[in-house]
Each structure stands twice: as C-alpha cells, then as structure tokens.
Amino acid sequence: MLRTHTCGELRLADASKQVTLCGWVQKTRDKGGMVWIDLRDRYGVTQLIFEEGSTAAEVLEIAKGTGREFVLKASGEVVERYAKNDKIPTGEIEIKVSELEILNEAKTPPFTIENETDGGEELRMKYRYLDLRREEVREKLMLRHKMLQETRSYLSGQSFMEVETPVLIKSTPEGARDFIVPSRVNKGEFYALPQSPQTFKQLLMVSGFDRYFQIVKCFRDEDLRADRQPEFTQIDCEMSFVTREDILEIFEGLTRHLFKAVIDTEVGEFVHMQYDDAIKYYGSDKPDVRFDMKFVELNDLAQNKGFNVFDQAELVVGICAKGCADWTRKQVDALTDFVKRPQIGAKGLVYVKCNADGTFKSSVDKFYSQEDLKAWADKMGAEAGDLILVLSGEADKTRKQLCELRLHMGDLLNLKDPKDFKPLWVLDFPLLEWDEESERYHAMHHPFTSPKLDEIPMLDTEPGKVKANAYDLVINGVEIGGGSIRIHDKETQALMFKHLGFSDEEAREQFGFLMDAFEYGAPPHGGIAFGFDRLCSLFGGSDSIRDFIAFPKNTSARDVMIESPSQIASEQLVELGIDLRVD
RNA sequence: GGAGUGGUAGUUCAGCUGGUUAGAAUGUCUGCCUGUCACGCAGAAGGUCGCGGGUUCGAAUCCCGUCCAUUCCGCCA
C-alpha cells in the first residue's frame, strides 16, 4: 500500500504517529508563510500543513504548486491543531508534512467537487466520474451497497438461493417494448434483453428450487422518467408451496429488515387495502397514505339540484382540506389552475368553505342552499374551518384528477414527511385491462398471474371484473414492488392465453417451453419483485433514482459520458446481415 | 408522439417592454498575507448570448424552424 491510513480515520489519539496518506486535493489555502491542503479520499478529509521555516523549502514549493484534484502522497507526523475544526471528524489533528509527492496532476475540473456543487445536471453526468467524488453522491451509492448486502444476507438467511438467469433471451409481444440484440451466428434472428426473469424463475420452481432470488438487471425500451431508467435493478423472488399471505409476510419481513439495518427505522403496520378501495378512496393504485384526505362521493347529495355540470357527471367526488377555509381567492384560483393544466385536464373546480361561524361559502351558491352544503360537509366529515374541493365528470378521469389534487394539497400542507414511511399492500388487482388501441384485453400484471380461483367462470361473462391474485407493495405513494400467485397448470394457462387473444399456435410459439414444463409436475408457486433503485431512492429521501445509479442515462436514454447509443461500423452491420433503412 | 420550462464567461445565473464597450457571483491566473478551514486583500484574463433563418437602421432581447437538457402526459405486463 502507498498509504498507512485513509483520510478519514486519524484522531487526536493518533498524535505523534508517522503516517502516509494518499488522496485528492480538495482545497489549497496558501497564506504565504503557511499552506494548508485538504486531502480527500472516500473516507474523509484530512488537513495537511506546511510552514515556512519548519517545512523543507522544496516541500513547501511543491505544496504551493498543487491545484484542485491533484493526486498526492503525503508523509509526516500527526499533530494536534492550534485551531481546531469541529465540523469534520478529523478536525482536531493535521499532518505536518515532511515528504510530498505528486502522484498525478489534474486539469481543473469543470465544476466544484463539493456537496453544494456549482455544476448543473448535464455537466455532472458528462463527468460522472468526477461527480462520484462528491460525498453526497458517494453516500447514496454507499446506501445502495448496504441495501444490496442486507438484501442478500436476509434472503439467504431465509433459505432463498440466488440463481442467475440469462440476459440474452427471447422477445415476447406482451408488455413493454424489448431491447433487441442481433445474433451474428444466427443471421436474421434476434435476442431480446429481459424485461424481468419472469419465466425463468417459474421454471426454477418447476425445477424444485423452492425459494429463489436474484438481484438482477431488467430492460424496458420505454420513455424515461425521474424514477424510470431503461435498465434498472430488481430484487426478484419466487417461492413454491405458498399462499399469498406467506409471500406478504416474508417480504414485509425483508422490508422491515432493510429499514432497520440500513436506516435504523422501525416502520408501522403494513396496511392491507383492496385495489377497488384504493381507486375509490384515493383515485390511484398506489395511494400515499401518509395523510388522510380520502375521497367522498357526493352524487346523491349534489345531483338533481339544477347544477348542470354535476347533473351530467358520472361521478361527483371531493376531498376535505382541514383548516383551509381561510384560504384566499388567489390560493383557491391557483388550485383551479392546477387542475386545469393540460396534464391534469379537469374542466374546473368547485369549492366549499366551511366558515368558522357555521355558514358555508361556495363557488356554486346559486344552485345549493346552506342546508345542501351542510349535508355535503356532514358526509365528508368537514368541520368549521375546513375547505371542501369537488371535481366531477367521467369516473376514471375524475378520480385521477382528484388524486393529483390530493397529492398537490399534501405538498402544499406539508403532509408528506420524507422521514415518515407508511407501507401498504394493495391487493386483488384486476386480472385484465381493456386496451383501446388493440381492442382486446391485456394482462394487467402479466399473463402468468393466477385469477382468483372462484372468479374463473366470470372470465367468459365479465372478463374485466375478474380479480387476480396479485399484490403491490406501495410506500408513500411509490410502487416499490409487485407480484402474484402464478398459474401452475397447463389448462388455466391455456385459458388465460385464449382470453388474451393468443391463438394456440401463438401461445405455443411464445411460451411453449413454459406450458411443456407445466406438464412435468409444476408446484403451486408465486413471487414478487421489488424495484431496487426506487427502494434506494425512497430510503435516501429522493424522488429521482438517478443518483442511486453509478452511471445512469438521461431522459433521452443516452449515456452522455460514454456517448451511447452510437452508430456501428458498416462491417458490423454486414456481419449481422442488417440493412439500415433511412427514413 | 404531445405539453411546459430552460440554453448568455470554465460554472451557476442576471440582462430579454430591441439601442454605446453584455454584467454579478464563483472558479482560474498573478501579487501580498504564519492558524486557515466558504481564509482574506489587490489585480488580471475569460463571451460564436445553443444552431439556422426572418423582421428591423439596429437582435442576447421579437418571430419561425431546429438541436440539446429537464419535468409531466401518453407509454411503462
């Protein structure tokens, strides 16, 4: 080793030791007769000192010539400081340097390597290797490292076995768009990168590995978001001979363990909620239950009183904002503008102020008496001082709009404490989802999800109402993971494919291997997958997963550092038998 | 695919209802400074105002197009 210690470990107790440190120059403070250098590595910062008279002239000269991010090797004695710095752990000591070597010079970096960097997102991504020198980013990757270690240790301790599955697999029509990889050996044919190891983990169950897990990269060629990358990491799990309750229990256990071990947090009850209730009371399949403000439907009270907008609406529904009756006209107008933004798309917003004196003031006073409004308030549990906000229209859209408004109110009223974690299991998702574009049903989760067994007969009569034995883990409005009990027999699987509009031939071509496997003694099984990047960002208190990935891609799915994707040589195209079409 | 916001010094931004030589902070460089740690003081260098076109006597500023970044909608079993 070139060094005897790291830059983060020396303390007053080490005084008078001879040490050698290596690291990067964080800052040089040249005060003429004295020079200080803050030397930084992964572990911390230690101050080096050079003093005219007691430091050799040539050493002082080298010290004065160092720029930001030079790589140094410094040897000397640990001494107690005259002027201590209580802001850093090594602030009581400094190194009186007797030998100094420049291991490498550095160009001046394009942004400052500090927690409060002056660099913008774009620049930091281009020089990501410099960005990663910043403590703030390094800490996030350290959090991820701990999460990885704790996940492996917990699941391994529960007899889960980590098995790797292939990355070059087969393209399937269901779900997200695949990333495609051409095969040179099999010209004209293509692999796909896995959207998840779904079918492989089911095959592992057939093989008898009754508890499997893998921390695995998955790939989806869809548009990006702050919490979505084209390649992302899942904690992927599958178990045999289990019920839904077994799975919920074990992964509640994993989640609790991670909270405890990584950020020393005890989380409360994992509430169970029906999907239908999540939609009805929160307008979302991933409700944020850190705050209440549940939806209350007002059709029976608000309709047939002459207000045309409500009378013609499929749904009239509102929320009650506690203590907001004194909001100004301007504030309420801002809410109206919020819901009328094209992304939300509401036509308008009705409010009712529950005044302190027991009267009501609403934007629809023309149509509703004080008694009418009192009835609304009673149904909504609104008291004097509260503000009722009501939207109306087509049911699905209105619920979605009110969901956005509810979350917005949560922000405005500071009800979303990032240190407060409220886990929630959302249960019994619909099995199928009508797709307007292709005019057929799609599997809401995936085609291997088991329907609720007693509802299988409804597949023929009301397919849209059949529930799946599927579940999502939601924490603070973030979908952390999801899974299901799977189909494990050939007949049910064939029935599912039929309802998804697959012909027998298509089903056999795409998933014949799985249907074959189901004929050789497939155990009942089910599983779950956690979005690992999102879990990390949730633990780290961030909305973006990018900083928890060492080398992320930007919103155009590009890596601006290595400049990918990129064109390839025409020889490569020829070898692969690919002609590019120029549109 | 659609909508919003942004692109000006190495960097972060101001300037934008058109008008002399485009500013500030920070970083960089030079000099001074023996207890700094956001060191201080004095000075200097540093600009294709994203790119292309248009309007105008005159464009960083107005208009059109385009590229890039970012947020959201669609999409994401």
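Note: hydrogens, waters and symmetry copies are ignored here, and every other heavy atom, side chains too, is used. Convention: sequence-line order gives letters A, B, ...; per-chain numbering from 1. For clarity, every value in this text was computed on a predicted model and none was experimentally measured.
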S.K.: Nearest of B:U70, B:C76, B:G35 to any side-chain atom of A:A176?
M.R.: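 Nearest to the side-chain atoms of A:A176, counting from C-beta on, is B:C76.
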S.K.: So, for A:A192 and A:I180, which heavy atoms are closest and what is the spacing to 0.1 Å?
M.R.: CB-CD1, 4.2 Å
S.K.: Of the options B:C75, B:G35, B:U71, whose atoms approach the side-chain atoms of A:Y82 most closely?
M.R.: B:G35
S.K.: Produce the list of close N/O pairs, under 3.5 Å, pairing protein atoms with atoms of nucleotides 26-31 of chain B; give distances to one decimal.
M.R.:
{"residue": "B:G27", "atom": "O3'", "partner": "A:R68", "partner atom": "NH1", "Å": "2.9"}
{"residue": "B:G27", "atom": "O2'", "partner": "A:R68", "partner atom": "NH1", "Å": "2.9"}

S.K.: From the set B:U36, B:G74, B:A69, return the single nucleotide nearest to any side-chain atom of A:E94.
M.R.: B:U36
S.K.: Measure CG/A:D472 against P/B:C76 and give the value in whole Å, please.
M.R.: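 Taking atom P of B:C76 as the reference, CG of A:D472 is at 15 Å.
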S.K.: Quick one: which protein N/O atoms are closer than 3.5 Å to N/O atoms of nucleotides 65-67 of chain B? Pair and distance per line, please.
M.R.:
none

S.K.: A:K17: what forms a side-chain hydrogen bond (donor to acceptor under 3.5 Å, both in side chains) with it, not counting sequence neighbours?
M.R.: A:D14
S.K.: Sequence neighbours left out, what passes ring-ring contact (aromatic ring centres under 6.0 Å, His included) with A:F511? Give chain and number order.
M.R.: A:F448, A:F497
S.K.: Determine the Euclidean distance between corresponding C1' atoms of B:U8 and B:G23; express it in Å to zero decimal places.
M.R.: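 The answer is 10 Å between these two C1' atoms.
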S.K.: Considering only residues two or more places apart or on different chains, which pairs with a residue in residues 492-507 of chain A satisfy salt bridge (charged side-chain N to carboxylate O under 4.0 Å, His left out)?
M.R.: none
S.K.: So what does A:K400 hit on the nucleic acid, given a heavy-atom distance under 4.0 Å: a base, only sugar-phosphate, or nothing?
M.R.: sugar-phosphate
S.K.: Any idea which of B:C33, B:U36, B:U70 is nearest the A:D30 side chain?
M.R.: B:C33
S.K.: When both hydrogen-bonding distances must be under 3.5 Å and the geometry is Watson-Crick or G-U wobble, what is B:C32 paired with, if anything?
M.R.: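 Check on B:C32: paired to B:G40, both distances under 3.5 Å.
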S.K.: Looking at B:C33, B:C37, B:A69, which one has an atom nearest to any side-chain atom of A:K31?
M.R.: B:C33
S.K.: For A:S75, what residues pass the side-chain hydrogen bond (donor to acceptor under 3.5 Å, both in side chains) criterion, not counting sequence neighbours?
M.R.: A:T20
S.K.: Of the listed nucleotides (B:C72, B:U70, B:A38), which one gets closest to any side-chain atom of A:K87?
M.R.: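 Closest of the options to the side chain of A:K87: B:A38.
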S.K.: Restricting to pairs with a member in residues 333-342 of chain A, which pass side chain to side chain donor-acceptor pair (under 3.5 Å), not counting sequence neighbours?
M.R.: A:R329-A:D333
S.K.: Could you go through nucleotides 41-51 of chain B and list every protein N or O atom that sits under 3.5 Å from one of its N or O atoms, giving the distance for each pair?
M.R.:
none

S.K.: How about A:R11: does its CZ atom have over 12 heavy atoms from other parts shown lying under 6.0 Å from it?
M.R.: yes
S.K.: Suppose we screen for side-chain hydrogen bond (donor to acceptor under 3.5 Å, both in side chains). Which residues come up paired with A:Q47, at least two apart in sequence or across chains?
M.R.: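 Once residues adjacent in sequence are excluded, the partners of A:Q47 under the side-chain hydrogen bond (donor to acceptor under 3.5 Å, both in side chains) criterion are A:R29, A:E94.
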S.K.: Under the ring-ring contact (aromatic ring centres under 6.0 Å, His included) rule, collect the residues that match up with A:F219, sequence neighbours excluded.
M.R.: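 If we apply the ring-ring contact (aromatic ring centres under 6.0 Å, His included) test to A:F219, skipping adjacent residues, there are no hits.
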S.K.: Please measure how far the C1' atom in B:A22 lies from the corresponding atom in B:A14, and state the result in whole Å.
M.R.: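 B:A22 and B:A14 have their C1' atoms separated by 11 Å.
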S.K.: Return no unless some side-chain N or O of A:R341 is found under 4.0 Å from OP1 or OP2 of B:U71.
M.R.: no
S.K.: Please tabulate, one pair per line, each protein N/O and nucleotide N/O from nucleotides 1-6 of chain B that are separated by under 3.5 Å, including the distance.
M.R.:
{"residue": "B:G1", "atom": "O6", "partner": "A:D223", "partner atom": "OD2", "Å": "3.4"}

S.K.: Please table the atom pairs, donor to acceptor, closer than 3.5 Å between any side-chain atom in residues 558-565 of chain A and protein atoms at least two apart or in another chain.
M.R.:
{"residue": "A:R558", "atom": "NH2", "partner": "A:P565", "partner atom": "O", "Å": "2.9"}
{"residue": "A:D559", "atom": "OD1", "partner": "A:M561", "partner atom": "N", "Å": "2.8"}
{"residue": "A:D559", "atom": "OD1", "partner": "A:I562", "partner atom": "N", "Å": "3.1"}

S.K.: Quick one: look up who B:C49 pairs with, Watson-Crick or G-U, both distances under 3.5 Å, and put none if it's unpaired.
M.R.: none
